[in-house]
Amino acid sequence: MELTAEERALFIAEAEEHITNLENGLLRLERGGDAATIAELFRSAHTLKGSAGAAGLTGMSQLAHAMENLLDQVRNGERTVTADLIDALLTGVDLLRAMVTALSQDAPLPDATPLIRQLTALAQQMPSESQQDEGTNPSHRVTEFVVALNIFIKPECPMPAARAFQIYLAMSRYGEVVSLEPPVSEIQAGRAKYRLDAQVRFPDESALTELERELSRFDDVVVEIQRQQEGQRVREIVVPPSAAETPTAAPTELQSVRVSVEQMDALLNLVGELVIERARLELGVRRVTEFHGNGIAEELQGVTERISRIVGQLQEALTRTRMVPLSVVFGRFPRLVRELARSMSKRVQLHIEGEDTEVDRALVEKLNECLVHLVRNALDHGIEPPDERIAAGKPPEGLIEISASQSEGSVIVVVRDDGRGIDPNKIRRKAIERGLLTEEQASSLSDDEAIQFIFRSGFSTKEEVSEVSGRGVGMDAVKNAMEQIGGTIDLHSQIGAGTTVTLRLPLTLAIIPALLVRVGGRLFALPMHSVTEVLDLQRSDVQEIGTGEKVLVLRGNPLPLFSLAKLLGIPNGRTEGTGVIVRQQEKLIAVSVEAVEGKDEIVIKPLGYPLHNLRSFIGATILGDGSIALIVDLNGVTIRR
């Protein structure tokens, strides 16, 4: 059948959800999933088969059916779970995903025939004798059952043919339609009567219950279910609950709607313009109040405050709608870790925490890019082969942990492994070999300073280049990606104990709180997620060391003090009497500015050509008076000092 654009979008969304459930469930099953995991897998494959068949996607339906047969053998105890079986089913998942992608791009679907034959042949292979014995145990088998459904559509239904087709799609989702009168072709042609007679095979009792619940939502449909129970035919009538039966039941309301990313971005741009105009309005009202302190000015100020509050609430609400849970990122890594570990003949266990932590949708792609490099490096460089781990007194199975949390307006993502760690002496030797350091310079580096060399482009400690790492682009790419989104990266490693990498990134990139400072007579914006404190340098303990560098002693802790004007390359003969304490890679430093002009919500506007290569700035913003202020990349300018 030919799908409309709306039907296609709905099918793609549902299919992607089922495919993700299949992939995650198969990975859980390989790690020792229980009967509930198998049932969930079987239900996803079964539903996808029915939906694809109803949509006329025969190849996809047949592939899901072939996977369903193998899962049915596992469910009935006829086949044990092996790595080869999981590999075959994951190959099916990959092809299903490729089919959905092709459908979304209106391209021809890949041919599934070879894989269907392979899965069918695997299902027809005779299981081992022990598996057959286990499969004959009734406690291990869950038998399907067939139910007769007599469905009556009330005469007052305005579109009986459309309702009949909806009922057919529902039956296909939860079971296999064995027979149907009138046939589907008659229903699609609009010649359906007010009665449908169907025989439906259900995988389990819960599938029938779900179908009953869905059909009961139609107030113009009455369903009669006929089934065998203890040797007798039993009839059940499913009708929509009446107001008398459920007096407290509220009418069904639409709880959510689908909105395209383009529409969300357009709304956010409009809210950004509102934020800018709000700042201009507040400035104008302040000026009116200063020169005309009368009742009109006070009334304007009250209106402005209410508008400001409404805009702030609108901004907060829209920002929340852009937030997505990190499960959309983390969910990709069980499969990645499994495939890489097998290719390297390593045994690795992956722990994930904080999947519910939310982050701006605009950050997802960059974060995923960073995590892919970090996890691949942890597997290739960090985790040792099983025999090496045993010799070192470790368990043969390595551990990689990915966790996320929110702290002080930032999202903290940590990647940790219990591998061999990073040897700073090995880094020193590699730096000397490549002419990056002399012997004397290398010996004077601290271990932490030596480890920072892994963030240099083209630098790698790997002796040979592999498909996974060794080209020296991984950690450099992570560092650049974090700088582009105003984040930081911090790395700690201990030889023999493992490595921990901490990523700190802002909650959102669209509208952020910023500190407005004056440098060289100009206004600049500093993102607040990097600022921890502001203080008066005239009253603080500032000391100068022998090389002309300055140190700020803050509550007994010496912090390096830098002039922001010098970091930005701005000629400045003015006194910088205010200090801003900045967090940089889990450490604190101080930068001096002429003055702090206040805090404001700013809208980040990207720098276009030819300013897009200015790495000291992450963008620009329009202030309330219409002037433009550059937004300083604090991490970038201090790191590149």
Taking only residues two or more places apart in sequence, or in another chain, which ones meet [X] in a side chain to side chain contact (heavy atoms under 4.5 Å, CB included)?
X      : answer
Gln199 : Val146, Ala148, Val178, Ser179
Ser405 : Ile412
Ala39  : Arg43
Ser403 : Glu353, Val414

[X] side chain to [Y] backbone, donor-acceptor under 3.5 Å:
X      : Y      : answer
Asn21  : Glu17  : yes
Ser216 : Arg213 : yes
Asn150 : Glu224 : no

Q: Identify, with sequence neighbours excluded, every residue that meets side-chain hydrogen bond (donor to acceptor under 3.5 Å, both in side chains) alongside Arg31.
A: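 Counting only residues at least two positions away or on another chain, Arg31 forms no side-chain hydrogen bond (donor to acceptor under 3.5 Å, both in side chains).
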
Q.
The criterion is side-chain hydrogen bond (donor to acceptor under 3.5 Å, both in side chains); which residues satisfy it with Arg420, sequence neighbours excluded?
A.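 Residues passing side-chain hydrogen bond (donor to acceptor under 3.5 Å, both in side chains) with Arg420: Glu388.
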
Q.
Give me the atom names and distance for the closest heavy-atom approach of Gly419 to Lys394.
A.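 What the structure gives for the nearest pair is O-NZ, 2.9 Å.
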
Q. How are the rings of His46 and Phe42 set relative to one another: parallel (under 30°), tilted (30 to 60°) or perpendicular (over 60°)?
A.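 Aromatic pair His46/Phe42 classed parallel.
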
For [X], which residues count as a salt bridge (Lys or Arg N to Asp or Glu O under 4.0 Å) partner, sequence neighbours excluded?
X      : result
Glu214 : Arg173
Arg163 : Asp220
Glu40  : Arg28
Arg201 : Glu144, Glu176

Q.
Within a 6.0 Å radius of atom CG on Asp356, are there more than 12 heavy atoms belonging to other residues, nucleotides or ligands?
A.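 No, the 6.0 Å shell around CG holds no more than 12 heavy atoms from other groups.
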
Q: Could you walk me through whether Arg347 and Glu397 pass the salt bridge (Lys or Arg N to Asp or Glu O under 4.0 Å) test, one step at a time?
A: CA-CA 5 Å; Arg347 295 169 56 185; Glu397 188 177 58; 5.2 Å; no

Q.
Just verifying a value: how many Å separate Leu70 CG and Leu122 CG, rounded to the nearest 0.5 Å?
A.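 Nearest 0.5 Å value for the CG-CG distance: 5.0 Å.
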
(Q) Please report the interatomic distance CG(Leu363) to CG(Leu503), rounded to the nearest 0.5 Å. (A)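 So the gap between those two atoms works out to 11.5 Å.
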
(Q) As a test of understanding, state which of Ile489, Val372, Asn377 forms a side-chain contact (heavy atoms from CB on, under 4.5 Å) with Val478. (A)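 With Val478 as partner, side-chain contact (heavy atoms from CB on, under 4.5 Å) holds for just one option, Ile489.
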
Side-chain heavy atoms of [X] within contact of [Y], under 4.5 Å:
X      : Y      : result
Pro325 : Thr357 : no
Leu26  : Arg335 : no
His18  : Leu96  : no

Report, one line per pair, each donor and acceptor closer than 3.5 Å where one atom sits in a side chain of residues 100-110; sequence neighbours left out.
residue: Thr101; atom: OG1; partner: Arg97; partner atom: O; Å: 2.9
residue: Ser104; atom: OG; partner: Thr101; partner atom: O; Å: 2.6
residue: Asp106; atom: OD1; partner: Arg8; partner atom: NH1; Å: 3.2

Q. Can you pull the salt bridge (charged side-chain N to carboxylate O under 4.0 Å, His left out) pairs that have at least one residue in residues 363-372, sequence neighbours excluded?
A.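 Applying salt bridge (charged side-chain N to carboxylate O under 4.0 Å, His left out) to every pair that reaches into residues 363-372, excluding sequence neighbours, yields nothing.
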
